[in-house]
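Written below as structure tokens is the structure these notes are about.
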Amino acid sequence: MSEFEPKIVSFLCNWCSYGAADLAGVGRMEYPPNIRVIRIPCTGRMSPKFILAAFREGADGVWVSG
Amino acid sequence: MITNAEVLDVEGEEGNFKVSIRKTPRYIDPAACTSCSDCVEVCPVSLPNEYDHGLSERKATYKKYAQAIPGAFAIQKADKAPCRLACPAGLNVQGYVQMVGQGKYKEALKIIMEDLPLPGVLGRICPHGCEDACRRCEVDSPVAIRDLKRLAADRFDPREVEIECQPTRDEKVAIVGSGPAGLSAAYHLARKGIRSTIFEALPAAGGMLRVGIPAHRLPREVLDQEIELITNLGVEIRLNTPIGDELGVDELFDQGYKAVYLAIGAHKGLSLGIPGEKAQGVRQGVDFLREANLTGKAEVRRRVAIIGGGNVAIDVARSAVRLGAEEVTIVYRRSRAEMPAWEEEVQAAEDEGVKINFLAAPQEVLTQDGKVVGLRLVQMKLSEVDSSGRRRPIPIPGSEYDMEIDQLIAAIGQRPDLSSLENVMGIEFSRWGTTEVDPITYATGREGVFAGGDLQTGPWVAIGAVAAGREAAESIVRYMDGRDMTEGREPIVNENPTYRPIPPHQAKADRAKMPELAVEKRQGNFEEVELGFAEAEGQAEAHRCLNCGYCCECYQCVEACKPHAVTLETHAQQTEIIELQTGSIILAPGFEPFDPTPFDSYIYAKHPNVISSMDMERLLSASGPTGGHLIRMSDHAEPKKIAWFQCVGSRDLNRCDNSYCSSVCCMYAIKEAVIAKEHAGDDLDCAIFFMDMRTHGKDFERFYNKAQDSGVRFVRSRVHSVDPIEDSEEVSVRYVREDGQIETETFDMVVLSVGIQIHPEVAALAERLGIEMTEGHFAKSGSFQPVMTSRPGIYVCGAFQGPKDIPQSVVDASAAAAAAGELLAEARDTLTRSKEVVPEVNVINERPRVGVFVCHCGINIAGVVDVQAVADYAATLPYVEYVNTNLYSCSQDTQDSLTEIIREKNLNRVVVAACTPKTHEPLFQETLINAGLNKYLFEMANIRNQDSWVHKNNPEMATAKAKDLVRMATAKVALHQPLGEAELDVNPAALVIGGGIAGMSAARSLARQGYPVHLVEREDNLGGQAHAIYRTATGEMVGENLAKLIQEVESQENITVYRNAELTKVEGFVGNFQSTVSVDETETVIDHGVAVVATGGRALQPEEYAYGEDPRILTSLELDRKFIEDDPSLADVKTAVFIQCVGSREPQRPYCSRVCCTHSIENALELKRRNPDSQVFILYRDIRTYGEREYLYKEAREKGVVFIRFSLDDKPEVSVQNGQISVTVTDHVLGRPVEIGADLLTLASAVVPNASEKLAQFFKVPVNEDGFYVEKHAKLGPSEFATDGVFLCGIAHYPKPIDESIAQGQAAASRALTLLAREKIYTSGHVAEVQPAMCSQCGVCVSVCPYSAPSFRSLEERFWPGKAEVNPVLCKGCGLCVASCRSGAIRLKGFDNDQIFAQIFSLDEAV
């Protein structure tokens, strides 16, 4: 279990969280590289189907932020 | 945008100003800077980060904060550091000290060797005038600069430093003398490509460095190595080759040398001029040292006396000790304090057993058989100060005495031996026996002959000779090139240099001291005494440097900057003066937070856990020094109890001069307390100590109530004192409650809620500009011209106009823009240029041909991610036709080549794997447009900000992530379609609803700027509520000003006024509204592009406090009416009572009406003016005279108005009995009921909005619980709605006084103008689109859209009647309707389901 590395898919709002993730880079904050970001125009765009699809593809976690 | 700029002067007048601006350079080219921060990595200069209030550090090359605009970095510089100015050779001391501090010894040497080829030598023997100039002396003791130079040379062999030399030329130069001047000249000539031959009379090179300085101070191998580095450049040294009769200057020219540099030094000792000097056993110190240094030995006798007090005397003495002398005595005629020898040398000599006989002068050498046997001395005393700045010694008559000696060595000075030069034609000598030269060029009287070093100056320091050699080299090159030798070489004197201020609490740190060879090991050898710093010790010493010049000009950034945004040229940028022609000027210089440092009572400067609210903002910020983790500063522990003190630097004339209220502190303190609780958990005890709680902004009162509910303690009190608690991190707070009770509480942290004040520089600017200021040093403006200064054409906004919060600042800013624009309306569009359009290629139905461009971003991506591997991988992906990597994808040349490649390879989709679409998507889209592609056929993979920058310790995973992101982007881009951006004409007319102060201001501003305005007023006259108001807070009469405004509006030909009018129908959307106005049942349809809602508000009719039971019980406006009419009954008022918050701040109306406190106080004062003997009581809950309105409150108290506070649960009671009005209130100090018999009772009734659900529906704009319209953004969009094309001002937004209403009217006009002036609107391509066949007409999209974009088609329509459609003009592309559509009928172009699914499905192995 100690070797388990979760694979996380995140849907980030273009206007806030995606920008924040960019700023985390500008600040050279480090975080684990297990995350793949999909940019969406607004969390209003989120459809439950996207979350289900991500899980179906094998994601261990889905993070929607906006 | 002109940054780093200061306005010096403004000439001219309204419409035609000439502005002169001083622009300090950025030292980095913002156009080339990619904000990668590679320069920051290498910059050695750490400074406190002002943005984090000194709670973190930044470098001298920096960007103030992550979101700063422009995004380019900048370098902070001051004048050249004093150490550098003090150095005769101008060495970049700060630069090499910083490099040593970084352990970058090679880089340190490179900086040193720019000027000085002998770092190890001077690092030992330089008298370091730089250290005397070091500003560290003001803190403790100077930085050990010389020793750090030596450390660099100890740790890296200077011979290994690459020295850049220009191509070698044919001409040669002869240099006479191989001392520091000759060596330096040869070195600098070699760097300029000129070979030289050094003629040296002695058998070894080095001059005085070799023969004057003993090896225990300067080991021979150090000197040898550094001479070698010079000869390595092709310099030839001919030893044992003196200049004289056989080989003179003429002969050198004959041999073909193009120039001659004379640097023979000063090697001839001065004689004592006393009897017996010729005796055996008497010799010159320089001769003695020469012999000892060349041969390693020299005769010493048992008892040696040395005459002199300089370094030569000490060198002789210490050498004599080493050579076996038993008794060595230095005889010096002054005292220790006057000794020119360095103190450390004197100390070392004494340690080694040398005695010093102070205040003694030799009178005669005593001899026997021609040999020295003794010395007759006379005692001296010091008298007045002489020309050398030292006290002159004079002999004490009759004090002669003898000392027995065997050897006498004179070391009282030396001079050049001119015997070899006396006959050289054209060379002249001074009366001190030195050569006369031009002070700048070092040219002698003879053409082609230059001289320098001790030969020219007399005995001086080696570094001076080095400088002279360098200057001579420059002259010689110019001489040989036939150029002007003096041009640009005049010394620049800066009499008032500016340096980085020494931090007020700079910690002291001891100067490092080098280890030394033990005294007992020094006998009989010349081993080096000073052993050099260990690395750690030296680096710590280097860190003592205060970085006086900020940037140390080490130029590490120049090497690190791959896009060449910072170069030696940008480093040399100079301050420039720019002149601008402008028609109007807006001042927005902002404020500075009050600095509590000087006020001992707050112990802010002394206690780490007493911080300012600005510090607290940074501590709470996620991007702050602790990442938002709340800690107390002393021990970084999480605090359990925090206190806020309000009104620090505000409402206070005793401790500071700011008697105004800063307006914002109450609200931000509550916000900080609430956020602190969010960050640290509910257990955190937050207490706010305040006098009056001023939450007068929109929704602020609710926030205050919520904070109380969430447990924030509000303590109405006056803080008596704050004291540190011994042996504890906590502080003790003593305060007095309202009822007089004294309490003491301890807190982990105290936050001082500091106020707003105007920076002295801003005040100075205002003075230069000739604008009037208020008592509080804010720019003076009028209630009816709220953003205009006293100088026409100059406008003001933000906190410089008065203390205010963000929404009000934004309102002012828009208003100032409108006011400035009104003046410039005629010039609109006269300076615009249009762009050439490249025809778009049709790619529909083509197979995707994707080009993938992977960016290195210098080392920003490539340093972590394997860019080539990503590119190779991209080439294997479906539809990818072309892959390339770029060093900087955003550079102009790459943009050009991208355009070419797209055309050449016939690409129809593009992926750039680089930084982030947030900053660079528009740039690359522009490239696509230039290549003839639709800009929506583009996608970015964020492999920098969200990859290489955040996974730098995990390159493999980062590379894998980059591949995934490229794969996902490629999968998505293949599904992209070209998207259109519809173009729409904007109708230039505006509709303004409401003819009150705000509406009229908006209408007037739009009309003045040339746009037709339809002003709709429900009443039969313009002016609204303002008709009922007597005076403004600043004393202007409302009536006459209102009349002027109405007259102007009515006479404006661009304005059509509709009185008794009602809006009955609104159709259309931004740019093209059709509204129907009904006047007396006649309907008019108005076409307009924008609408301004200014429907205002009115006073609440009170239902309490016996209102209506007695004619002497009035509302505030009714009292105003009496003032306006000059009602004679006012003269009879003996006792007047005002009750505040009538209907405001009540559960059913939980907002503050903002205007009533000021209004009542102004009216109370008016009563006092009319009848000074009357008694006036104001019964209040909190007095909210924000900003400079506070002066009124103060005046009222001074004039004897009595203020009694009541609370919501114990409101005053009013009864009317037998014609008597009686008011009973519980006195807040006494805690007892007080009964006041009043003959005038004024109720400050709430301001309520003229709510209109109908209007809200017409324009699809929201209304809040209190009936006020909801603006687009509480802070940043206060004067507009989220619905495009509809704007908001006045009391319809929130209760506000006249000045703020007018400002917001202008602001709404300004915002509207940004649309009108464009003439056309372009929609985004990323919009939602309904597929009507699938639409079930459920209406969810219509109800969820915040922008009112979806609607139903008319049932009469021929196609798809009743189905939903999305207006692309209003759609913001958020996709809410898409996700909400239960029929799946709506697509979002550019973020369609298939495109997002393509990204999800191509996650593949990533998940």
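Numbered from 1 within each chain, the chains take letters A, B, ... in sequence-line order. Both backbone and side-chain heavy atoms feed into the values below; hydrogens, waters and symmetry mates do not.
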Need one label for [X]: side chain, backbone, both or neither, based on atoms under 4.5 Å from any heavy atom in chain A.
| X | result |
| --- | --- |
| C1377(B) | neither |
| D947(B) | neither |
| A622(B) | backbone |

Which atoms form the tightest heavy-atom contact between [X] and [Y], and what is the distance?
| X | Y | answer |
| --- | --- | --- |
| A1379(B) | G44(A) | CB-O, 3.1 Å |
| F11(A) | I1396(B) | CE2-CG2, 4.2 Å |
| P33(A) | H951(B) | CA-CE1, 3.4 Å |
| A66(B) | L23(A) | CB-CD2, 3.5 Å |
| L1388(B) | P41(A) | CD2-CG, 3.5 Å |
| V37(A) | L965(B) | O-CD2, 4.2 Å |

Most heavy-atom pairs under 4.5 Å with chain A, out of N942(B), N954(B), V1344(B), T919(B), belong to N942(B)

Let's test your reading of the structure: which of Q946(B), K63(B), Q1399(B), M957(B) forms the most heavy-atom pairs below 4.5 Å with chain A?
Q946(B)

If you count heavy atoms of other groups shown closer than 6.0 angstrom to [atom1] of [X], is the number above 12?
| X | atom1 | result |
| --- | --- | --- |
| K64(B) | NZ | no |
| K918(B) | NZ | yes |
| F1401(B) | CZ | yes |

Side chain / backbone / both / neither for [X] at chain B, heavy atoms under 4.5 Å:
| X | result |
| --- | --- |
| Y18(A) | both |
| R56(A) | side chain |
| M29(A) | both |
| P6(A) | neither |

Using 0.5 Å steps for rounding, measure from the CZ atom of F1397(B) to the OG atom of S47(A).
5.5 Å

Let's go through R28(A) and S37(B) carefully: what are the C-alpha distance in whole Å and the side-chain angles of both, what is the deciding distance for side-chain contact (heavy atoms from CB on, under 4.5 Å) to 0.1 Å, and is it a yes or a no?
CA-CA 10 Å; R28(A) 305 296 197 275; S37(B) 80; 2.5 Å; yes

Derivation and outcome, side-chain contact (heavy atoms from CB on, under 4.5 Å), residues I38(A) and I1400(B):
CA-CA 8 Å; I38(A) 294 174; I1400(B) 298 172; 3.7 Å; yes

Apply side-chain contact (heavy atoms from CB on, under 4.5 Å) to R944(B) and V26(A), showing your working.
CA-CA 9 Å; R944(B) 187 185 77 173; V26(A) 173; 5.9 Å; no

Salt-bridged, R39(A) to E921(B), with N to O below 4.0 Å?
yes

Test item: R36(A) side-chain N/O and D964(B) main-chain N/O as donor-acceptor pair under 3.5 Å
no

Would you list the pairs meeting salt bridge (Lys or Arg N to Asp or Glu O under 4.0 Å) in which at least one residue belongs to residues 949-962 of chain B, sequence neighbours left out?
E30(A)-K952(B)

